[in-house]
Amino acid sequence: MPLTIYNSRTRRKEPFTPIHPGEVRMYVCGVTVYDDAHIGHARCYVAFDAIHRHLLARDYRVTYARNFTDIDDKIIRRAAELNLAWDEVARRYMDSFGADMAALGVLPPTIEPRATEHIPEIIAQVQDLVRRGHAYALDNGDVYFAVRSFPAYGGLSGRDLEDMMAGARVEVDNRKQSPMDFALWKSSKPGEPAWDSPWGPGRPGWHIECSAMSQKYLGATFDIHGGGKDLLFPHHENEMAQAEAATGQPFVRYWVHNGFVQINSEKMSKSLGNFFTIKDILKTTRPEGLRLFLLSKHYRSPLDFSETAIKDAAAGLERLYTALLAAEQAADSDAAPVPAWLKEIEQANADFEQGMDDDFNTAGAIGALFGLARTTNRLAGEAPSPARDAGLKLCAGKLRELGGRLGILKEDPQQFLQGQAGQAGQTGQGEAAAAQGPDPAWIEAQIAARQAARKAKNFAEADRIRNELTGLGVLLEDGPQGTRWRMKG
RNA sequence: GGCGGCGUAGCCAAGUGGCAAGGCAGCGGACUGCAAAUCCGUUAUUCACCGGUUCAAAUCCGGUCGCCGCCUCCA
């Protein structure tokens with residue numbers, strides 16, 4: 001089954017055919033670095049990480065560019081608030097974003113271009129647009145894109161230019177040729193950061209950096225351009241207009257937009273005060289649990305964030321790790337696995353691939369992963385035999401492989417299940433120390449004491465010890481090989 | 001007003017023409033000293049509602065109701 005992708009421009013799923021066989025060039029709009037990234041950013045970049053990983057698994061050579069907008073009005077404003085230089089603000093939040101992405105296990109893009117490092121390319125593209133009659137400069141040094149000069153304007157987002165101009169929400173600026181014209185270059189006021197240009201000192205408009213940088217690294221026409229749904233208009237519409245007006249060639253083959261994270265079915269926003277940063281969430285939630293939650297729904301649908309949803313995801317992740325633990329504890333074996341089991345494993349694999357090929361349906365793929373966990377647990381319940389162990393080894397490998405495709409199941413299962421005990425920093429975010437549990441050596445000693453009591457049939461004492469541990473969040477599991485423990489998730 | 005999306009069990013969520021995946025929670029059973037974990041079974045004759053097309057619809061078409069997003073900086 002071929003890979004299909006929903007294209008926002010055509011509003012349909014289409015079979016994916018890259019421009020250059022075996023190669024995919026993808027650009028995703030990154031962040032404006034003026035504040036810590038929030039869960040909405042996490043959703044976007046985890047979703048595109050899953051897409052990135054699937055393309056790699058399909059053996060495409062992927063060039064993935066994700067930019068930083070490191071000069072912008074919001075950064076300038078934030079710099080004034082913090083009494084810092086604008087570029088220090090940008091540096092600080094680029095570092096913060098990098099740390100968040102690393103904590104979430106997002107694979108680094110191939111290129112992370114920054115607007116301020118591409119001023120010559122940006123100016124060159126603005127000049128092209130002026131030369132071709134698609135842009136005009138004002139006396140004050142602002143340069144605008146003339147939407148009237150580009151008949152296809154509105155085609156990406158399905159809007160009609162006349163309708164938009166009739167809309168009451170467009171501010172009328174008499175200096176512009178058309179109310180919908182947007183800034184390519186903004187003249188700077190005294191004291192603001194500025195770069196020299198043919199129109200005087202200024203800085204780039206928001207949209208131009210993405211068309212200039214994406215085309216520099218990926219070519220005039222490239223395969224996939226992504227971002228949050230809100231960017232469809234005006235950002236991507238404007239990008240497309242700039243790029244196609246400047247080159248006369250189609251800009252992007254597949255436009256991909258992720259849906260929003262919502263809080264109680266409402267948009268998350270600073271003004272509503274229902275705002276969560278990635279760092280906040282990782283204080284109490286482990287990164288893989290957050291990832292499983294973020295990927296549990298299709299990337300185009302809205303995703304409702306809540307404590308319950310995070311808990312459910314954590315419980316599911318525990319189930320997967322429990323299966324992985326059972327699978328990895330099997331003895332090494334070179335026996336042939338029983339065909340019926342082999343078939344189940346292959347079926348789970350096929351279901352996973354089918355889900356991912358169908359517009360990156362991670363929710364369906366996760367279902368397949370749970371199916372594999374069930375197979376694993378059933379197999380683990382069989383009488384020990386070389387064939388069983390061989391099957392379990394296959395399960396272990398497949399759980400790791402498919403889990404890895406979603407960026408989960410990367411830890412040692414035993415450590416994961418006991419993770420919050422004794423040791424801090426499981427999440428890589430120092431604050432996790434707050435969730436620190438009892439000392440593992442002490443737990444083992446309690447278990448030994450309970451074992452002795454059980455042997456003596458002193459079940460009252462055994463239960464007392466177990467209850468004490470349960471109260472501390474330590475769950476005991478008595479099995480044929482003795483008692484295991486794990487932390488309650 | 002324009003454009004787009006959503007409404008599937010107690011909760012979350014796949015499925016876009018052929019007997020309704022999966023997770024969480026619940027219930028019954030197996031296992032266990034009792035539990036936990038795990039396994040087995042069970043939990044929607046039904047997919048917001050009303051009509052229509054079809055041998056066959058959650059899936060296609062028309063309408064109704066409800067919710068949300070974009071149209072303004074925004075992942």
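As the structure is a prediction and not an experimental result, all values here were calculated from the model. Chain A is the first sequence line, chain B the second, and so forth, proteins listed ahead of strands; every chain is numbered from 1.
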Is the base of [N] touched by the side chain of [X] through a donor-acceptor pair closer than 3.5 angstrom?
X        : N     : result
A:Arg466 : B:A35 : yes
A:Asp463 : B:G33 : yes
A:Asp72  : B:C74 : no
A:Arg374 : B:C39 : no
A:Arg300 : B:G5  : no
A:Lys267 : B:C74 : yes

For ring pair (Phe, Tyr, Trp, His ring centres under 6.0 Å), just list the numbers for A:Tyr64 and A:Phe48, CA-CA rounded to whole Å, side-chain angles, deciding distance to a tenth of an Å, and then say yes or no.
CA-CA 10 Å; A:Tyr64 175 18; A:Phe48 281 101; 7.4 Å; no
Work out how far the P atom of B:G22 is from that of B:A14, and round it to whole angstrom.
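B:G22 and B:A14 have their P atoms separated by 15 Å.
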What distance, rounded to whole Å, do you find between the two C1' atoms, one in B:C31 and one in B:A57?
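Each nucleotide's C1' atom is 44 Å from the other's.
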Under 4.0 Å between a side-chain nitrogen and a carboxylate oxygen: does that hold for A:Glu328 and A:Arg400?
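Between A:Arg400 and A:Glu328 there is a salt bridge, with a charged N closer than 4.0 Å to a carboxylate O.
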Are A:Arg203 and A:Glu192 close enough for a salt bridge, meaning some N to O gap below 4.0 Å?
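Here A:Arg203 pairs with A:Glu192 in a salt bridge, since their nearest N and O are under 4.0 Å apart.
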Report the nucleotide, chosen from B:C71, B:A75, B:A14, that has the shortest atom-to-atom distance to any side-chain atom of A:Phe233.
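Among the listed nucleotides, the one closest to the side chain of A:Phe233 is B:C71.
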Out of B:A14, B:C40, B:G22, which nucleotide sits closest to the side chain of A:Arg378?
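My answer, after comparing the listed nucleotides, is B:C40.
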Under 3.5 Å, is there a donor-acceptor pair between the A:Tyr27 and A:Asn67 side chains?
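Note: A:Tyr27 and A:Asn67 side chains meet the donor-acceptor criterion.
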Is A:His235 touching bases, backbone alone, or none of the nucleic acid, heavy atoms closer than 4.0 Å?
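A:His235: no heavy atom of the nucleic acid under 4.0 Å.
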